[in-house]
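Following: one structure in structure tokens, then a few remarks.
Since the model is a prediction, treat every value here as computed from it, not as a measurement. Just so we're on the same page: letters track the sequence lines, and every chain starts at 1.
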Amino acid sequence: MTVRVRIAPSPTGSVHLGLCRTALFNWAFARGRKGQFLLRIEDTDTERNTQESLDAILEGLKWLGLDWDEGPDVGGPHEPYFQSQRRASYDEVLERLFAQGLVYRDFSTPEQQEAWRAEQEARKQRVAYRGDDRDLDPAEAARRAEGGEPFAVRFRIPDGATEFTDLIRGEVSIPHDEVDDWVLVRRGGGMPTYNFTVVCDDLTMGITHVFRGEEHLVNTPKQLLLYAALGAEAPAFGHLPLLLGKDRRKLSKRSGDTSLGDYRAKGFPRAAIQNFLALQGWALDGETEVFSLEQLVAAFEPGAVSKAGAVFDPDKFLWLAGEYLRKESPAELAENCLPFVLEAGLAGEEDLGARWDWFVRACAAVQERLSLYGDAPAWLRPYFVGAADLEYDEKALKGACKNADRVAHLTAFASWLEGRPVEEAAPDQAAAAKAWLADEGIKVGALFQPLRCALTGQPGGPDLFEIIALLGREEALARITGAAAGVLASD
RNA sequence: GGCCCCUUCGUCUAGUCAGGCCUAGGACACCAGGUUUUCAUCCUGGCGACAGGGGUUCAAAUCCCCUAGGGGUCACCA
């Protein structure tokens with residue numbers, strides 16, 4: 001049997017990392033078994049749906065490197081892939097359920113529901129809901145409905161318990177007296193609800209496996225019971241451990257950034273996000289931390305997914321981002337840093353295009369100091385601003401001023417530099433400079449520390465002669481003499 | 001509170017299903033060294049866990065039971 005899995009997000013907010021990880025595991029499972037992965041939009045909550053959210057989901061998942069064989073944008077044999085447009089098929093199923101007496105009309109009002117809830121609350125002991133109208137004569141119920149009295153449709157939960165084998169957790173058993181007679185169709189003939197539509201669609205779309213978050217675990221009996229009511233074989237379920245925040249609760253805005261967009265905006269490499277997400281609840285071999293999507297696909301096993309929730313560790317994520325970023329070629333890196341440099345207003349696109357090779361070289365110079373593309377502007381700033389706008393870091397200034405003879409050394413170095421061949425490569429120049437320093441009896445640090453400060457104003461950074469090459473000799477000399485006469489002139 | 005799920009270093013995890021190869025491995029973070037013109041990278045080392053208690057067994061992180069703790073869920077949301 002061909003594996004068919006899906007991700008079924010509701011377009012009601014930002015693209016949560018939990019959604020991304022669930023999508024990633026589903027996708028990896030499908031790809032690893034030569035199966036199909038579909039995208040379906042669960043937009044049955046018309047109050048909360050937004051177009052922006054829908055767009056963000058489609059764009060975000062694509063950006064993450066996932067692709068689907070069927071979906072709202074690519075079509076497929078089971079169109080439409082929006083639940084809001086599948087109403088007719090749900091009505092059909094509903095009729096069958098009515099005919100079999102498996103669902104009933106509940107005429108209770110919102111006020112009655114609220115009262116019931118309050119009573120449960122007060123009793124401190126929640127009992128599953130069994131509507132008063134559960135045992136109403138179906139003929140009478142139909143009559144009242146006919147008469148225009150609003151009702152919701154509820155599922156008649158039988159006695160007993162649901163037992164199933166979770167792909168990740170093993171045997172799970174949930175007693176039915178914990179399961180509400182849940183609502184399939186909202187009062188007043190509203191849109192069918194999630195638990196109903198999800199089953200209908202998974203069934204007609206031939207879904208074979210469902211991997212979803214653990215918060216859905218207690219929903220499973222409702223759905224399993226519905227499959228049984230429809231005389232259908234249910235897909236296999238696997239409940240993924242939750243992504244947790246520092247507070248050990250479900251990852252939410254309170255505990256930091258949760259949406260894919262947040263991390264993209266900071267400049268996390270795509271591959272790092274994929275890799276890190278895969279690491280939350282799963283491990284390739286227990287040793288290898290950095291691995292590709294291909295490796296994930298080849299090795300992913302639902303049975304190997306951990307059962308316990310995973311606390312999201314921003315530090316490790318950042319480290320992983322750096323691992324990927326530093327592996328990139330200078331050309332790739334420059335391409336990826338470009339949007340952030342533009343965003344920071346360091347330069348215009350045309351300007352950079354005109355001196356692209358220079359930009360690539362500049363990115364390469366700071367590469368090993370970056371973890372995120374978004375770190376680039378701060379490191380690159382000195383190479384874009386004029387000497388007048390250069391900011392001198394306090395630590396850099398302090399370090400430079402520790403050398404009493406800094407002005408004399410800088411002045412001497414400026415003369416030396418002017419006498420060097422213009423085309424000299426940075427490493428050669430560095431070697432020549434060190435030899436010259438030795439001749440002069442100047443300690444390397446006594447010049448280099450003030451020199452770095454004069455050149456970039458930063459306490460750390462790339463090789464000094466690479467910096468000079470990046471700035472150009474004229475600009476470098478101007479900064480050296482300028483600092484010697486200015487910020488570094490006195491303590 | 002009821003029910004369900006879970007429980008190995010601070011964190012992500014390997015090992016648990018097939019008990020001995022585990023004086024519990026890796027990674028992040030942290031600490032200490034080394035490399036370096038600085039910062040960073042990189043390298044080396046260190047710190048650090050089987051929630052607790054009972055059993056079963058020649059042998060238990062691994063099997064069983066109990067306790068504790070954590071999370072999830074209890075919507076006419078998904």
Side-chain angles (χ1 to χ4, degrees), chain A residues 8-10 12-13 42-45 47-48 106 108 110 113 117 120-121 123-129 150-154 166 168-170 172-175 177-180 182-188 190-195 197-198 212-221 239 241-242 244 246 248-250 276 279-290 303-304 306-320 322 326 366-371 379 395-396 399 430 433-434 437 443-449 451-453 456 458-465:
Chain A
S10 62
T12 53
E42 312 245 332
D43 54 350
T44 52
D45 185 347
E47 301 277 301
R48 297 197 303 152
D106 181 12
S108 59
Q113 288 296 306
R117 265 179 77 168
Q120 297 293 310
E121 201 95 348
R123 209 193 298 171
K124 289 270 189 192
Q125 168 94 21
R126 225 236 135 198
V127 161
Y129 180 82
F151 63 90
V153 180
R154 286 184 186 269
D166 189 280
I168 292 166
R169 273 147 227 285
V172 176
S173 173
I174 297 174
D177 51 19
E178 287 295 325
V179 184
D180 285 338
W182 53 282
V183 170
L184 291 83
V185 180
R186 297 172 168 93
R187 191 176 149 87
M191 203 47 205
T193 62
Y194 161 79
N195 280 115
T197 58
V198 74
R212 43 157 45 160
E214 194 193 335
E215 70 260 34
H216 286 285
L217 191 58
V218 293
N219 266 332
T220 311
H239 290 92
L242 259 21
L244 271 24
K246 257 274 172 278
R248 299 201 131 271
R249 291 172 164 269
K250 229 170 25 161
F276 187 70
L279 241 18
Q280 304 304 295
W282 188 76
L284 182 63
D285 54 13
E287 303 275 307
T288 313
E289 308 280 336
V290 182
S306 5
K307 301 182 180 81
V311 175
F312 188 85
D313 181 358
D315 283 331
K316 187 160 183 178
F317 197 7
L318 199 59
W319 163 78
L320 197 56
R326 286 187 292 271
V366 299
Q367 182 165 24
E368 64 193 28
R369 272 153 282 265
L370 308 178
S371 287
W379 280 106
K395 246 196 329 210
K434 281 179 195 167
L437 284 172
K443 279 194 176 155
V444 171
L447 168 67
F448 282 6
Q449 223 171 348
L451 180 57
R452 179 173 297 284
C453 177
T456 66
Q458 294 172 329
D463 171 74
L464 289 166
F465 297 91

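At the heavy-atom level, A:Arg248 lies under 4.0 Å from the strands shown only through sugar-phosphate atoms. Counting non-hydrogen atoms under 4.0 angstrom, A:Lys250 reaches the backbone sugars and phosphates but no base. Heavy atoms of A:Gly281 sit under 4.0 angstrom from primed sugar atoms or phosphate atoms, though from no base atom. A:Gln113 comes within 4.0 angstrom of a nucleotide base, judged by non-hydrogen atoms across all strands. When heavy atoms are screened at a 4.0 angstrom cut-off, A:Leu447 is found touching no nucleic acid atom at all. Within 4.0 Å (heavy atoms only), A:Thr220 reaches no atom of the nucleic acid at all. Across all strands, A:Asp177 comes closer than 4.0 Å to no nucleic acid atom at all (heavy-atom distances).
Relative orientation of the A:Tyr194 and A:His216 rings is tilted, given thresholds of 30° and 60° on the angle between their planes.
Under the Watson-Crick and G-U wobble criteria, each requiring two contacts below 3.5 Å, nucleotide B:rG2 is paired to B:rU73. Base pairing of B:rC30: its partner is B:rG46, meeting the Watson-Crick or G-U wobble criterion (both donor-acceptor distances under 3.5 Å). In this structure, B:rU57 makes no Watson-Crick or G-U wobble pair, since no nucleotide meets both defining distances under 3.5 angstrom.
Between the P atom of B:rC12 and the CG atom of A:Leu318 lies a distance of 18 Å, rounded to the nearest Å. Going from atom CD of A:Glu289 over to atom P of B:rA27 covers 8 Å, rounded to whole Å. Protein atom CZ of A:Phe317 is 16 Å distant from nucleotide atom C1' of B:rA27, rounded to whole Å. Computed from coordinates, the A:Arg212 CZ to B:rU73 P distance equals 13 Å when rounded to whole Å. In this structure, the CZ atom of A:Arg48 is 15 Å from the P atom of B:rA75, given to the nearest Å. One can place CZ of A:Arg249 at 14 Å from C1' of B:rG69, the figure rounded to the nearest angstrom. At whole-Å resolution of the value, CZ in A:Arg369 and P in B:rC39 are 11 Å apart. Summarising the geometry, the separation between CZ on A:Arg187 and P on B:rC77 is reported as 13 Å, rounded to the nearest angstrom.
Comparing the P positions of B:rG19 and B:rU13 gives an interatomic distance of 25 Å, to the nearest angstrom. Distance check on atom C1': B:rA78 versus B:rU57 gives 49 Å, rounded to whole Å. Across the P atoms, B:rC42 and B:rG54 are found 46 Å apart, a figure rounded to whole Å. A distance of about 33 Å separates the C1' atoms of B:rC21 and B:rG69, rounded to the whole Å. Rounded to whole Å, the separation between the P atoms of B:rG48 and B:rC43 comes to 24 Å. One C1' atom belongs to B:rC12, the other to B:rC3, and the distance between them is 30 Å to the nearest Å. As rounded to the nearest Å, B:rA27 and B:rG20 have C1' atoms that lie 28 Å from one another. B:rC17 and B:rA32 have their P atoms separated by 41 Å, given to the nearest Å.
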Test side chain to side chain donor-acceptor pair (under 3.5 Å) applied to A:Tyr129 and A:Gln113, step by step: CA-CA 10 Å; A:Tyr129 180 82; A:Gln113 288 296 306; 2.9 Å; yes
Trace of the salt bridge (Lys or Arg N to Asp or Glu O under 4.0 Å) decision for A:Glu214 with A:Arg169: CA-CA 10 Å; A:Glu214 194 193 335; A:Arg169 273 147 227 285; 3.7 Å; yes
Determine, step by step, whether A:Ser108 and A:Asp106 satisfy the side chain to side chain donor-acceptor pair (under 3.5 Å) criterion, reporting the C-alpha distance in whole Å, the side-chain angles of both residues, the deciding distance to 0.1 Å, and the verdict. CA-CA 6 Å; A:Ser108 59; A:Asp106 181 12; 3.0 Å; yes
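Mapping A:Asp313 and A:Ala152 onto RNA chain B by nearest heavy atom places A:Asp313 at the nucleotide closer to the 5' end. The 5' end of RNA chain B is approached more closely, in terms of each residue's nearest nucleotide, by A:Val444 than by the other of A:Glu42 and A:Val444.
With contacts defined as side-chain heavy-atom distances shorter than 4.5 Å, the pair A:Phe151/A:Arg187 does not qualify. Taking 4.5 Å as the limit, some side-chain heavy atom of A:Glu42 sits within range of a side-chain heavy atom of A:Val198. When side chains are defined from C-beta on, A:Phe312 does not count as touching A:Lys246, because their heavy atoms never get closer than 4.5 Å. Here the side chains of A:Ile174 and A:Pro221 are in contact, with some heavy-atom distance below 4.5 Å.
Contact of A:Asp180 with B:rA75 (side chain to base): no donor-acceptor pair of N or O atoms is detected under 3.5 Å. For A:Lys316 against B:rA29, no side-chain N or O and base N or O form a donor-acceptor pair under 3.5 Å.
A sub-4.0 Å separation between OP1 or OP2 of B:rU13 and a side-chain N or O of A:Ser306 is present. Residue A:Thr44 has a polar side-chain atom (N or O) positioned under 4.0 Å from OP1 or OP2 of B:rA78.
Side chain of A:Asn195, nearest nucleotide from B:rA78, B:rA27, B:rG71: B:rA78. When distances run from any side-chain atom of A:Asp45 to the nucleotides B:rC12, B:rC77, B:rU73, the shortest one goes to B:rC77. Residue A:Arg326 has its side chain nearest to B:rC42 when only B:rC42, B:rC39, B:rC76 are considered. With B:rG26, B:rG72, B:rC77 as the choices, the nucleotide that has an atom nearest any side-chain atom of A:Glu215 turns out to be B:rG72. Counting only heavy atoms from C-beta on, A:Ser10 has its side chain closest to B:rA78 among B:rG25, B:rG70, B:rA78.
One distance of note links CG of A:Leu284 with CG of A:Leu279; it measures 9.0 Å at 0.5 Å rounding. From A:Ser10, atom OG reaches atom CG of A:Asp45 across 7.5 Å, with rounding to the nearest 0.5 Å. To the nearest 0.5 Å, atom CZ of residue A:Arg326 and atom CG of residue A:Leu370 are 8.5 Å apart.
Here A:His239 does not lie in a stacked arrangement on the base of B:rG72, lacking the combination of planes under 30° and ring centres under 5.5 Å apart.
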If the sugar-phosphate is the primed atoms plus P, OP1 and OP2 and the base is the rest, what is the B/S/- string for nucleotides 1-7 of chain B, using protein heavy atoms under 4.0 Å? BBSSBSS
